[in-house]
Amino acid sequence: MAQALDPQEPVDYIVGHLEEALACDERVNEQGLHVTVHGRRIFVDGTVSTKERHAAVAEIVAELLPDWSLVNQATVADFPEPSDMEALS
Amino acid sequence: MIRVAAVGDVHVGTDSHDTLRPHWAHLDDRADLFLLAGDLTKRGLPEEALVLADELRGLRVPVVAVLGNHDYESDREKEVVDILAEAGVRVLEGTSVVIDVGGQTVGVAGAKGFGGGFPGAMGSDFGEPEMKAFMRHSRTVADGLEAALREVRHCDTCIALMHYSPVEGTLRGERLEIWPFLGCYFLAEAVDRAGADLAVHGHAHGGSEKGVTPGGVHVRNVAQPVLRMAYTLLCLGAPADDSELGCAAEADAVQEAAR
């Protein structure tokens, strides 16, 4: 379980700690997630590979900042096969 | 002509069973070669490599891969490589492979690559030992890529496969401040010196798909979050007199298969 952050810290540091946790916590391990904070609302954008990791984003944020709310806008990768081919010349 | 399927950054974990396989079902019919551009696993664990091997099971198309930074996280990359090799995947690092596609030879040279940056905004082999180690690793893997490319220059088609980006063009969309962590021009220099028809990479999830080296080699960022597809399909080496027609016919066939 991730250790809770100090909610009184400047927002820049909170964003940094959240992004670091999402990159390093084995439940997610995603460096490509982008965090923004507005008031006590945390927005997470980017792509995760599975729905389990999408759910884990919420778990980790809740552990770090239990009284803040999360808007989890991360996409779960479920991409279709391509419908065309690019010719390189 | 050679039909190349490519994707990077699939980040397979133990929670990935049957997430990729359904989308790779038509690969055998659509491609002559399937390239995996690193970050094959989430944490570089053998159990994750076993899941990827299972996702690839049954494919007849040759699969060639490089590792990415995620695949080194647990210091068990050798086990990951062994498991994938057992499943028939050629995993390259400063090495190459030649594949016969209907009598044409396709050479693929691969290396993970590393960060370091691009002219005007890059690190130097100078100062603290940590900084020197960073830049020297970048130089070492680029030198490995160049040597591997030279091994396959005799092939009809030559492809450079890496995880980190060789050019800035495919990083557009990523924050400028992190470009030195996403790639290094040493890789492009290696590609241009040795020569290639195509360079493929991943890693830059927020970047752009298309770029070109200073020497004019096509670069494609195939990180899955960029493609927003299960893989991309590229058509290489069509005869000069009917290349457009040939690839257009292939594209029609792909669209028909998708339906």
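Here is how names work: the chains are called A, B, and so on, in the same order as the sequence lines, proteins then strands, and each is numbered from 1. Model, not experiment: these values are computed from the prediction.
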Exercise for the section: Might you confirm whether atom CD of Gln3(A) has over 12 heavy atoms from other residues, nucleotides or ligands at distances under 6.0 Å? Expected result: no
Practice task
Would you check if Thr50(A) and Ser16(B) make a side-chain contact, meaning some heavy-atom pair closer than 4.5 Å?
Solution key: yes
Handout entry: Heavy-atom neighbours of Phe134(B) CZ exceed 12 at 6.0 Å
Key = yes
Practice task
Identify the two heavy atoms, one from Leu233(B) and one from Asp84(A), that lie closest to each other, and give their separation to 0.1 Å.
Solution key: CB-O, 3.9 Å
Handout entry: Any residue of residues 10-21 of chain A which, by heavy atoms, sits under 4.5 Å from chain B
Key = none
Practice task
For chain A, find its close neighbours in residues 198-215 of chain B: heavy-atom separation under 4.5 Å, sorted by number, or none.
Solution key: Leu198(B), His205(B), Lys210(B)
Problem - Side-chain ion pair, Arg220(B) and Glu86(A), N-O less than 4.0 Å - result: yes
Handout entry: Lys/Arg-Asp/Glu bridge criterion (N-O < 4.0 Å) met for Glu81(A), Arg30(B)
Key = yes
Exercise for the section: Assess whether atom CZ of Arg40(A) is packed by more than 12 heavy atoms of other residues, nucleotides or ligands within 6.0 Å. Expected result: yes
Handout entry: Which atoms of Val4(B) approach chain A - backbone, side chain, both or neither, heavy atom under 4.5 Å
Key = neither
Practice task
Answer with side chain, backbone, both or neither: which region of Val10(B) has an atom nearer than 4.5 Å to a non-hydrogen atom of chain A?
Solution key: backbone
Exercise for the section: Side-chain contact test, heavy atoms from C-beta onward, threshold under 4.5 Å: evaluate it for His11(B) versus Val48(A) and give yes or no. Expected result: no
Practice task
Let me know if His218(B) has heavy atoms under 4.5 Å from chain A in its side chain, its backbone, both or neither.
Solution key: side chain
Handout entry: Heavy-atom pair of closest approach, residues Met85(A) and Leu234(B)
Key = CG-C, 4.1 Å
Problem - Asp15(B) side chain near Arg53(A) side chain, heavy-atom distance below 4.5 Å - result: yes
Problem - Positions in residues 221-231 of chain B that reach chain A, provided some heavy atom is under 4.5 Å away - result: Gln224(B), Pro225(B), Arg228(B), Met229(B), Ala230(B), Tyr231(B)
Exercise for the section: Could you please state which residues from residues 46-71 of chain B sit under 4.5 angstrom from chain A, measuring non-hydrogen atom to non-hydrogen atom, sorted by number, or 'none'? Expected result: Asn69(B), His70(B)
Handout entry: Contact class of Val28(A) relative to chain B, heavy atoms under 4.5 angstrom
Key = backbone
Problem - Flag, side chain of Lys42(B) to backbone of Glu26(A), donor-acceptor distance under 3.5 Å - result: yes
